[in-house]
Trainee: 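Quick one: structure below, then a few questions.
Just so it is clear, the structure is predicted and the values come from calculations on it, not from any experiment.
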Amino acid sequence: MDGQDYEVSSELYAEFDYGTDIKPTNPNNVVSLFAFKDLPISPKADCDGDLDLVRRKADEYPNNIEIEHSKSTLLGLVGLQIWRGALLLADWLIYNGKSIPDGYVLELGSGVGLTSIVAGIYKPVICTDINIGGLLKLIEGNVARNNSMLNHPVKVAELDFTKDLSDEIVEVLPKVKLIIAADVVYDDRLTDAFVQTVEKLLSKVTDKNLCVLVALEKRFVFTMADCETCAPCYEYFKDRLLEMKNVKLELLPTDFPQYFNYDRVKELVLWKISAQ
């Protein structure tokens, strides 16, 4: 059996009940609500210059992002689901959103669009993925579902890691201040294509402050050959990162506040790739 031919399901759905009775546009999908805590509120100074602590109201909880998605797919269509890495990256965006420089956020491999929707609270977003399984249309629908919470436009565009960058992406690149990606590593061939895409993007910009944030989960398997557990897809991804030229690599701490409801397991990691 080809590795793309068996079904997989995100662990998220077994950990928490995100389900609703909202009718999806596709009968094979479900609509879930991903609740998150209130956005950070900065303390304000009173007339004497002292910090006046802002007190939250109980009815401010929770906020919800409404997402249509699949609960189980073939391996090649896992972008139709939601995985832990997307929520980790969404937490980072909420915590750091106000400090992102003015400009666009570009998301690679956006899946069903949850992380781009969070980014759209803070900056305009170009939300990209490959156009298979009706994915781009699904993202557009999810953006529309959450339009009331967006402070900036979220534009959906196709970006296939295995093809050249489109004129549309190249044209907007000078305005991009942050590139993000979550849960894009589950196949070595895809990892090769993803790393090559990151190299293309960074080679076309002059802004040395531009960086790429990649959130993912180390997925361990037991190998009979070595009689031990390992995370082969993650290790291959890390090896490919180390082969990149003219970049700075950082493994960022993941102890920033958690706003979404999920298990932030120790296997979740956040890489920062910066141009040099």
Side-chain angles (χ1 to χ4, degrees), residues 39-40 65 67 79 85-131 135-161 163-184 193-216 244 246-248 250 252 256 259 270-276:
L39 308 185
I65 293 182
I67 297 290
L87 295 178
L88 177 72
L89 189 53
D91 280 341
W92 186 94
L93 286 166
I94 292 175
Y95 187 58
N96 296 281
K98 293 182 179 180
S99 63
I100 299 173
D102 289 339
Y104 282 84
V105 173
L106 171 64
E107 183 171 16
L108 309 176
S110 304
V112 291
L114 184 147
T115 313
S116 281
I117 291 167
V118 174
I121 297 173
Y122 302 99
K123 300 295 174 185
V125 179
I126 306 295
C127 174
T128 71
D129 211 317
I130 188 171
N131 192 18
L135 187 52
L136 297 188
K137 184 177 180 181
L138 184 60
I139 297 172
E140 290 173 345
N142 283 332
V143 171
R145 288 176 184 273
N146 297 279
N147 188 59
S148 62
M149 74 169 53
L150 298 175
N151 297 317
H152 302 275
V154 176
K155 183 176 182 180
V156 180
E158 183 173 13
L159 196 160
D160 185 339
F161 298 157
K163 297 180 180 179
D164 291 335
L165 299 175
S166 68
D167 292 341
E168 179 182 11
I169 298 299
V170 173
E171 183 178 337
V172 78
L173 262 181
K175 302 176 184 177
V176 171
K177 300 302 179 184
L178 176 65
I179 301 174
I180 59 175
D183 304 305
V184 292
F194 172 74
V195 171
Q196 291 167 6
T197 297
V198 170
E199 290 175 327
K200 290 177 187 176
L201 291 167
L202 293 181
S203 71
K204 292 183 179 296
V205 297
T206 57
D207 184 359
K208 297 304 180 182
N209 293 318
L210 178 66
C211 70
V212 183
L213 294 181
V214 185
L216 65 154
M244 295 179 70
N246 302 316
V247 298
K248 178 183 178 182
E250 298 176 74
L252 299 182
F256 43 85
Y259 299 93
L270 183 62
W271 281 94
K272 179 180 179 181
I273 309 168
S274 306
Q276 283 189 332

Trainee: Rounded to the nearest 0.5 Å, how far does CD1 of I273 lie from SG of C211?
Mentor: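 If we round to the nearest 0.5 Å, C211:SG and I273:CD1 are 9.0 Å apart.
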
Trainee: With sequence neighbours excluded, tell me which residues meet salt bridge (Lys or Arg N to Asp or Glu O under 4.0 Å) with D91.
Mentor: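 Counting only residues at least two positions away or on another chain, D91 forms a salt bridge (Lys or Arg N to Asp or Glu O under 4.0 Å) with R264.
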
Trainee: In the structure I gave you, are the side-chain heavy atoms of L136 and D129 within less than 4.5 Å of one another anywhere?
Mentor: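 Yes, side chains in contact.
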
Trainee: Mind checking what makes ring pair (Phe, Tyr, Trp, His ring centres under 6.0 Å) contact with F194, not counting sequence neighbours?
Mentor: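 Result, ring pair (Phe, Tyr, Trp, His ring centres under 6.0 Å) vs F194: F161.
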
Trainee: With side chain to side chain contact (heavy atoms under 4.5 Å, CB included) as the test, would you mind laying out the steps for I65 and M149 before giving the verdict?
Mentor: CA-CA 9 Å; I65 293 182; M149 74 169 53; 3.8 Å; yes

Trainee: Kindly give the heavy-atom pair with the smallest separation between G79 and L135, and that separation in Å.
Mentor: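 Looks like O-CD1, 3.9 Å.
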
Trainee: Heavy atoms only: give me the nearest V154-C127 pair and the separation to one decimal.
Mentor: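 That closest heavy-atom pairing would be CG1-CB, 4.0 Å.
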
Trainee: Restricting to non-hydrogen atoms, name the atom on L89 and the atom on A215 that form the minimum distance, rounded to 0.1 Å.
Mentor: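 It is CB-CB, 4.0 Å.
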
Trainee: Measuring from L213:CG to W271:CH2, what's the distance to the nearest 0.5 Å?
Mentor: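 Interatomic distance, L213 CG to W271 CH2, rounded to 0.5 Å: 12.5 Å.
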
Trainee: If you look at every heavy atom in A275 and L202, which pair is closest and at what distance?
Mentor: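 Closest approach of A275 to L202, heavy atoms only: CB-CD2, 4.4 Å.
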
Trainee: Any sub-3.5 Å donor-acceptor pair from S116's side-chain atoms to G113's backbone N or O?
Mentor: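 Here the side-chain-to-backbone pair does not exist.
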
Trainee: Can you give each donor-acceptor pair under 3.5 Å made by side-chain atoms of residues 165-179, sequence neighbours left out, with the distance rounded to 0.1 Å?
Mentor:
residue	atom	partner	partner atom	Å
S166	OG	I169	N	3.3
E168	OE2	K155	NZ	3.0

Trainee: If you look at every heavy atom in A90 and L114, which pair is closest and at what distance?
Mentor: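 Closest pair (atom of A90, atom of L114, distance): CB-CD2, 4.1 Å.
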
Trainee: What distance do S110 atom OG and I130 atom CD1 have between them, rounded to the nearest 0.5 Å?
Mentor: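 Nearest 0.5 Å value for the OG-CD1 distance: 12.5 Å.
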
Trainee: With the side chain counted from C-beta on, respond yes when V198 and L108 share a heavy-atom pair under 4.5 Å apart, and no when they do not.
Mentor: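 A side-chain contact under 4.5 Å exists here.
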
Trainee: Heavy atoms, side chains only, cut-off 4.5 Å: are H152 and V125 in contact?
Mentor: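 A side-chain contact under 4.5 Å is absent here.
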
Trainee: Could you check if a side-chain atom of L93 sits within less than 4.5 angstrom of a side-chain atom of T115, using non-hydrogen atoms only?
Mentor: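 L93 reaches T115 side chain to side chain.
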
Trainee: With a 3.5 Å distance limit and no angle check, can you tell me whether N151 reaches the backbone of I121 through a side-chain donor-acceptor pair?
Mentor: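 Side chain of N151 to backbone of I121, a donor-acceptor pair under 3.5 Å: yes, one is there.
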
Trainee: Taking salt bridge (Lys or Arg N to Asp or Glu O under 4.0 Å) as the definition, give me every residue that meets it alongside K248, ordered by chain and number, with sequence neighbours left out.
Mentor: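 Partners of K248 under the salt bridge (Lys or Arg N to Asp or Glu O under 4.0 Å) test: none.
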
Trainee: Mind checking side-chain contact (heavy atoms from CB on, under 4.5 Å) for E140 and listing every partner two or more places apart, or none if nothing turns up?
Mentor: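 Once residues adjacent in sequence are excluded, the partners of E140 under the side-chain contact (heavy atoms from CB on, under 4.5 Å) criterion are V156.
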
Trainee: Any side-chain heavy atom of E199 sitting closer than 4.5 Å to one from M244?
Mentor: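 A side-chain contact under 4.5 Å exists here.
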
Trainee: List in chain and number order the residues that pass side-chain contact (heavy atoms from CB on, under 4.5 Å) with N142, two or more places apart in sequence or in another chain; answer none if no residue qualifies.
Mentor: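 side-chain contact (heavy atoms from CB on, under 4.5 Å) check on N142 returns I67, E68, V112, I117, L138, R145.
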
Trainee: Could you tell me whether the side chain of T128 and the main chain of A157 form a donor-acceptor pair under 3.5 Å?
Mentor: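 Judged by distance alone, no pair lies under 3.5 Å.
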
Trainee: For K98 and Y122, work out which heavy atoms get closest and say how close.
Mentor: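 Shortest heavy-atom contact: N-CD2, 3.9 Å.
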
Trainee: So F256 and L88, side chain to side chain contact (heavy atoms under 4.5 Å, CB included) or not? Walk me through it.
Mentor: CA-CA 10 Å; F256 43 85; L88 177 72; 3.7 Å; yes

